[in-house]
Protein chains: 2
Amino acid sequence: MRQEDAPLVRTLPLFAGASEMTVEKLLQASFLQRFPAQVELISEDQPADFFYVVLEGCIELFANAGPKQSTAAIVRPVSSFAAAAVLRDGNYLLSARTVEQSRVLMIPGESVRAAFAGDAAFAKAFALELASAYRRTMKALNNQKLRTAIERLANYLLQEHQTQGATGNLTLPTEKQTLASLLGMTSENLSRSFGALAAHGVKVTGRDIQLSDIAGLETIAKPIPLIDDPAY
Amino acid sequence: MRQEDAPLVRTLPLFAGASEMTVEKLLQASFLQRFPAQVELISEDQPADFFYVVLEGCIELFANAGPKQSTAAIVRPVSSFAAAAVLRDGNYLLSARTVEQSRVLMIPGESVRAAFAGDAAFAKAFALELASAYRRTMKALNNQKLRTAIERLANYLLQEHQTQGATGNLTLPTEKQTLASLLGMTSENLSRSFGALAAHGVKVTGRDIQLSDIAGLETIAKPIPLIDDPAY
DNA sequence: AAGGTTACTTGATATTTATCAAGCGGTTTA
DNA sequence: TAAACCGCTTGATAAATATCAAGTAACCTT
C-alpha cells in the first residue's frame, strides 16, 4: 500500500480502537487497488485469500447455480465483504465483480486472523462487521420470502430514496438487470413492476427515479423496521 | 445453572480453548433451562438479553411481516442462535419457539460481550459461530432465489437423509407446515411437491420418508456444494 | 454521424405458486 | 362414543412470475 493512502484507511471504522501496531501490520500486508468496471475480483468456491474493504465505487456479490445467477448484495463505500470466509479460512461463498470503477483495500486473510487473535478491539470491530453482514442477509431472506416482487421494489425505492437524501429523486446504482437479480426477479418482471408503480407516483427516466407520492408508495411497500431499517 | 450440568456444557465447541475463568464466569451467569414444546422463547424486535445454545430438542426461528410468517431456520443440538443480536447489543431479528421439549443454555448478552472482550479464544469461537450462521443464511437466500419449490424440497430431503445416516429413510423433524415455511412455500404446495417426487422414489408416510432412488432425486435436486454442503 | 451492440421494454404465453374451499384421517375432548 | 379439532391432502381457480419473441431506445465505437 502506498504511504499517501494510509491516513484515509486509518479512519475506517474497522480500525477504530485497534492498536497502532495492529493497524500497521494489517496495512503493511495489504493492497489498495483500483479496478475498472466489470472486473471479477473473486470467484465463489476459491480459497478466501483476501478480506475486502470497498473505499470507492461499487461491488456486486453474486452466486451461480448452473445456468442461473443471483445477485446477493451490492456493496458500497465504506463497507466490506468476505469477512466470514476469511475468518473461517474457507472458500468464498459468493463471486464479486466491480459494477463501476472502484478502489478496494485487500487485506490478506492470514493478517486478518492474526490481528483478530492479537487485538481484542479489532476482533470486536471485525465481528461487528460480520454481524452486520449477517443481519443484512437475514433481512434479505425475509424480504424475499415474505414479499411479492412489487413490494420488494417499492421497499427498495423507499430505502434508496432515504439513503440518497430523501429529495424526491434517486438514481439506481446499477443496471436494471442487476437490480432485478438483487430483488429476486427477472428484468422483464422489474420493468412491469416499475410500470405498476407508475400509478403511485414513480416516474422512471433511465436510471433516474422520481417519487412524487411517498405515502402512497409506503402503502404498497408496507415497510417494517425489522426488515427495512438499515440500523437494525 | 446447576452444578451437575457443568461438565456437559463445558464440552461445547463454543468453550473449547476458552480459559477456565472465562467459562466459569459465563456459566455462573447463565441459565440451563428446559422448555416444553411450542413455547416462544424470544420475540423479534425485543432487546437481545440472551444468547442461546440448544442442547436438546429443536428450536424454530421465524419472522413476521403483517399477517405473514416465515420460518428462517430450524436449530438443533448443538448449535446456537442470536449471536449477532447479542454481540451488537441490539434487538432480536427473529422470534424463536420450541418445536419440541428442549433444553437450552441461556447466556446473558452482557456476559457474552465481556467474555468476547476478555478472552481471545472465546472471541474466535464465538465469531466462528457467527460466521457459520451467516453462511447458512446466505445459502438459504441463494437456495430461495435460484431454485423452484420442488428443487428446494428435493435438496432438503437429500441433506436430511445424509444428516440422519443415509439409511434410505429419514424422519421430518417438524410438522409439514413448518417445513413448508422453512422451504418458502405454502403447505398445500409442499403436499403437491411431495406428490411430484413420488415418481422419483420418495414415499411419504406421515413424517417418515423413504428414499428409494437417490440418484434420480439428485437429478431433480441438482445439488451444488456451495449451497448444499453444510461444511462449506 | 453511421452502424452495431446492448439494455430495456412490451406483448403473448407458459409455468410456478398461492388462495380458497372441501374433505379425509387421526387425536383429543367432552 | 360422538363431537370437535387439527394437520394434511386434494381439487378448482386465481395470482404471481418466468419465458420466449419482437421491438425500441440508449450507448458505444469507429
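To find a chain, count down the sequence lines: A is the first, B the second, and so on, and within it residues start at 1. Heavy atoms only: backbone and side chains are in, while hydrogens, waters and symmetry mates are out. Just so it is clear, the model here is predicted, and its values are computed rather than measured.
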field: N/O donor-acceptor pair, side chain A:E188 with base D:dC20, under 3.5 angstrom
entry: yes
- prompt: Just wondering, do B:R207 and B:E175 contact through their side chains at under 4.5 Å, heavy atoms?
  reply: yes
Check the interface with nucleotides 4-7 of chain C: list each N/O to N/O pair with the protein under 3.5 Å, or write none.
residue: C:dA7; atom: OP1; partner: A:Q177; partner atom: NE2; Å: 3.3
residue: C:dA7; atom: O5'; partner: A:Q177; partner atom: NE2; Å: 3.4

message: Could you tell me how far apart A:L153 (CG) and C:dT9 (P) are, to the nearest whole angstrom?
response: 11 Å
task: Between protein and nucleotides 12-18 of chain C, map the contacts as a letter string: B base, S sugar-phosphate only, - none, heavy atoms under 4.0 Å, written 5' to 3'.
output: B----SS
query: What residues, two or more places apart in sequence or in another chain, satisfy side chain to side chain contact (heavy atoms under 4.5 Å, CB included) together with B:D208?
result: B:T171
statement: The side chain to side chain contact (heavy atoms under 4.5 Å, CB included) partners of A:T163 (sequence neighbours excluded) come to none
message: Before you tell me yes or no, could you show the steps for B:E40 and B:R97 under salt bridge (Lys or Arg N to Asp or Glu O under 4.0 Å), namely the whole-Å CA-CA distance, both residues' side-chain angles and the distance that decides it to 0.1 Å?
response: CA-CA 4 Å; B:E40 191 159 321; B:R97 73 165 75 94; 5.1 Å; no
- request: Output yes when A:D228 and A:R152 qualify as a salt bridge under the 4.0 Å nitrogen-oxygen rule, no when they do not.
  value: no
- prompt: What is the distance from CG of B:L146 to C1' of D:dT17, rounded to the nearest Å?
  reply: 15 Å
message: Show me the pairs that pass ring-ring contact (aromatic ring centres under 6.0 Å, His included) and involve residues 184-227 of chain B, at least two apart or across chains.
response: none
Under 3.5 Å, which protein N or O atoms sit close to an N or O of nucleotides 26-30 of chain D? Give each pair with its distance.
none

query: How close or far is atom P of D:dT9 from atom CG of B:L190, stated in whole angstroms?
result: 7 Å
field: Listed once per pair and sorted, the salt bridge (Lys or Arg N to Asp or Glu O under 4.0 Å) pairs that draw on residues 75-84 of chain B, sequence neighbours left out
entry: B:R76-B:E160
query: What residues form a side chain to side chain contact (heavy atoms under 4.5 Å, CB included) with A:P225, not counting sequence neighbours?
result: A:D229, A:Y232
- prompt: Are B:S102 and B:E56 linked by a side-chain donor-acceptor pair shorter than 3.5 Å?
  reply: no
statement: For residues 75-106 of chain B, the ring-ring contact (aromatic ring centres under 6.0 Å, His included) pairs (sequence neighbours left out) are B:Y52-B:F81
field: Side-chain heavy-atom pair A:I209, A:L172 within 4.5 angstrom cut-off
entry: yes
message: Without decimals, in angstroms, what is the distance between B:Q38 CD and D:dC6 P?
response: 12 Å
- prompt: How would you list all residue pairs meeting side chain to side chain donor-acceptor pair (under 3.5 Å) that involve residues 212-227 of chain B, not counting sequence neighbours?
  reply: B:E151-B:K222
field: Rounded to 10 degrees, the angle between the two terminal axes of the helix from C:dA1-D:dT30 to C:dA30-D:dT1, each from five pairs
entry: 40°
- prompt: Does anything in residues 127-164 of chain B pair up under ring-ring contact (aromatic ring centres under 6.0 Å, His included), and if so which pairs, sequence neighbours excluded?
  reply: none
